[in-house]
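Chain identifiers are assigned alphabetically (A, B, ...) following the order of the sequence lines, protein sequences preceding nucleic acid strands; residue numbering begins at 1 within each chain.
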There are 2 protein chains.
Amino acid sequence: MLKHIPVAAESTHCSTCMMGSVCLPVGMPASEVAKLDDLVKDRIRLQKGQALFQHGEKLDALFGLRTGSIKTQLDEANGAHQITGFFLPGEIVGLDGMIEGEHSSTAIAMEDSEACVVKLQDIDEISRYVPSLQHQVRRLMSREIARSHQVLLALGSMRSEQRLAAFLLNLSQRLTALGYSPSEFIMRMSREELGNYLGLTLETVSRLFSRFAREGIIIVNQRDIKITDMAALNELIGKPC
Amino acid sequence: MLKHIPVAAESTHCSTCMMGSVCLPVGMPASEVAKLDDLVKDRIRLQKGQALFQHGEKLDALFGLRTGSIKTQLDEANGAHQITGFFLPGEIVGLDGMIEGEHSSTAIAMEDSEACVVKLQDIDEISRYVPSLQHQVRRLMSREIARSHQVLLALGSMRSEQRLAAFLLNLSQRLTALGYSPSEFIMRMSREELGNYLGLTLETVSRLFSRFAREGIIIVNQRDIKITDMAALNELIGKPC
DNA sequence: CGAACTATTGAAATAGCTCAACCGCGGTGG
DNA sequence: CCACCGCGGTTGAGCTATTTCAATAGTTCG
């Protein structure tokens with residue numbers, strides 16, 4: 001059972017949340033953000049491995065990740081699955097599969113995590129007096145489409161080393177936006193999960209890490225990554241530094 | 001320059017459009033659809049090869065494809081590109097890249113086509129008295145996300161023959177929804193475009209067509225396809241008929 | 001009719017996969 | 001405390017699906 005935590009009156013709301021600058025309100029006029037306080041009525045605390053929602057479940061809310069990290073995946077009939085995204089704090093999970101009111105994917109916590117629950121009906125309610133909220137949801141969904149197109153680009157037209165380079169650069173950027181170091185971080189996902197996401201086997205991913213390390217591009221210690229030559233990564237994906 | 005055609009008063013509106021059952025209004029209550037008449041104020045006629053919109057252009061509208069077919073692609077700096085979707089009549093183009101009000105992709109007509117223009121500001125306007133319109137847009141965007149996740153699944157975890165099988169089945173289904181034959185159709189895209197979309201080379205695609213034909217699964221005549229063994233295709237993608 | 005695409009087919013090269021062995025680390029229980 | 005297990009990661013060797021390069025043919029179109 002999911003652990004729900006009602007958001008107490010004196011607790012953090014969107015308008016006072018530290019994540020505001022990168023989360024749902026990002027880019028909204030401050031005057032409007034102030035009116036979002038009723039948007040999040042509770043939060044969910046997840047333990048590592050727990051599902052935030054599962055394929056086929058009724059969908060009536062979006063989730064703003066506050067702490068931790070989450071992966072989303074498409075489950076296949078034969079038991080296999082394809083990971084479609086890794087989410088960091090401030091990012092919105094659950095934008096896919098509002099078709100027929102059912103989730104089309106499954107979201108699983110990769111470490112202990114906490115997410116704000118944003119009910120769809122509250123979005124509708126609040127957009128009546130916060131006109132920009134609907135635009136915001138559209139913008140977030142649009143960004144999610146663009147994001148998955150980027151992954152499509154990687155899977156469709158990059159070689160293995162480029163996929164990993166693109167992934168590391170993307171992760172670095174997103175972590176930077178959260179205030180972390182651009183060049184040193186801990187990956188929450190296993191080699192297998194990363195391989196699944198990138199359309200490679202776990203062995204290939206492992207070999208790539210070793211090779212990048214041998215070439216002096218990164219320093220690898222299990223999931224602890226230090227990027228020592230950002231330019232080389234950019235060059236790999238054809239972006240002249 | 002794009003050819004705009006104002007929609008005359010007596011012309012077809014969403015409420016009377018033949019495509020209504022598969023296009024933007026799909027699933028909306030009939031009473032609401034009746035109020036959508038001001039949603040489309042003009043249409044665009046495109047010649048084969050012409051762009052409906054290009055990467056970086058200002059985005060202020062969605063497009064409902066009325067006739068023809070359109071491909072969307074991500075353009076890379078080095079001149080390469082990744083095709084992210086093929087669109088048929090009734091499908092909505094332009095849902096990606098409402099970020100920063102700019103298109104993140106380019107949409108190109110694969111044959112002479114015509115699209116209804118749905119201005120974003122008209123959507124906002126009309127949703128004031130057609131409450132379900134916002135839901136509808138959300139639903140359509142969500143479907144677009146789910147769609148691209150399906151492609152991700154194909155690119156990430158299927159072998160070449162499965163990708164082509166999945167593609168043919170998907171195309172067949174969509175054409176059926178439009179009232180065409182499920183088993184006999186003309187593909188609007190070249191082997192190269194299909195290969196690009198599926199993350200394969202054009203030669204591999206060509207060989208796969210030849211092989212499927214040799215195995216009695218399809219009959220191929222250039223872009224003219226006849227599926228003779230639908231069950232075999234389903235089996236290929238692991239869906240026991 | 002010839003030019004320029006578009007598709008097919010073959011042969012050789014290779015990127016990434018499969019199978020398999022091994023290592024290291026963290027927990028667990030005798 | 002230490003032996004043992006299991007899991008995640010690394011590395012090697014051989015294999016194979018797909019690509020690359022190349023030659024040929026069919027189709028479209030001015």
What's the [atom1]-[atom2] distance between [X] and [N], to the nearest Å?
X        : N      : atom1 : atom2 : answer
A:Leu200 : D:dG9  : CG    : P     : 15 Å
B:Arg163 : D:dA17 : CZ    : C1'   : 11 Å
B:Ile225 : C:dA7  : CD1   : P     : 11 Å
A:Asn196 : D:dG8  : CG    : P     : 14 Å
B:Arg159 : D:dT19 : CZ    : C1'   : 17 Å
B:Glu203 : D:dC21 : CD    : C1'   : 9 Å
B:Gln162 : D:dA17 : CD    : C1'   : 12 Å
A:Arg211 : C:dA15 : CZ    : C1'   : 10 Å

Side-chain N or O of B:Ser160 closer than 4.0 Å to phosphate OP1/OP2 of D:dA17:
no
Can you check whether B:Tyr197 and B:Phe86 have ring centres sitting under 6.0 Å from each other?
yes
Suppose we call a contact any N or O donor and acceptor under 3.5 Å apart; does that hold for the side chain of [X] and the base of [N]?
X        : N      : value
B:Arg214 : C:dT8  : no
B:Glu192 : C:dC5  : no
A:Arg207 : D:dG12 : yes

Could you check whether [X] gets within reach of a base, just the sugar-phosphate, or nothing at all, counting any heavy atom under 4.0 Å?
X        : result
B:Gln222 : sugar-phosphate
B:Ser190 : sugar-phosphate
B:Gly195 : nothing

Neighbour count above 12 (heavy atom, 6.0 Å) for [X] [atom1]:
X        : atom1 : value
A:Gln47  : CD    : no
B:Glu192 : CD    : no
B:Arg159 : CZ    : no

Residues B:Ile145 and A:Met141: closest non-hydrogen pair is CD1-O, 3.9 Å
Among the nucleotides [options], which one has an atom lying closest to any side-chain atom of [X]?
X        : options                : value
B:Arg223 : D:dT10, D:dT11, C:dT6  : C:dT6
B:Leu202 : D:dT18, C:dT8, D:dT11  : C:dT8
B:Thr204 : C:dT18, C:dG16, D:dT19 : D:dT19

Less than 3.5 Å apart, any donor N or O on the side chain of A:Thr67 or A:Glu114 sitting next to an acceptor on the other?
no
If we ignore angles and hydrogens, is there a donor and acceptor under 3.5 Å between the side chains of A:His55 and A:Asp75?
no
5' priority, DNA chain C, between B:Ser210 and A:Gly199 [closest heavy atom]:
B:Ser210
When rounded to the nearest 0.5 angstrom, what is the spacing between CD in A:Glu203 and CZ in A:Arg191?
12.5 Å
Give the residues of residues 73-88 of chain B touching DNA chain D, defined as any heavy atom closer than 4.0 Å, sorted by residue number.
none
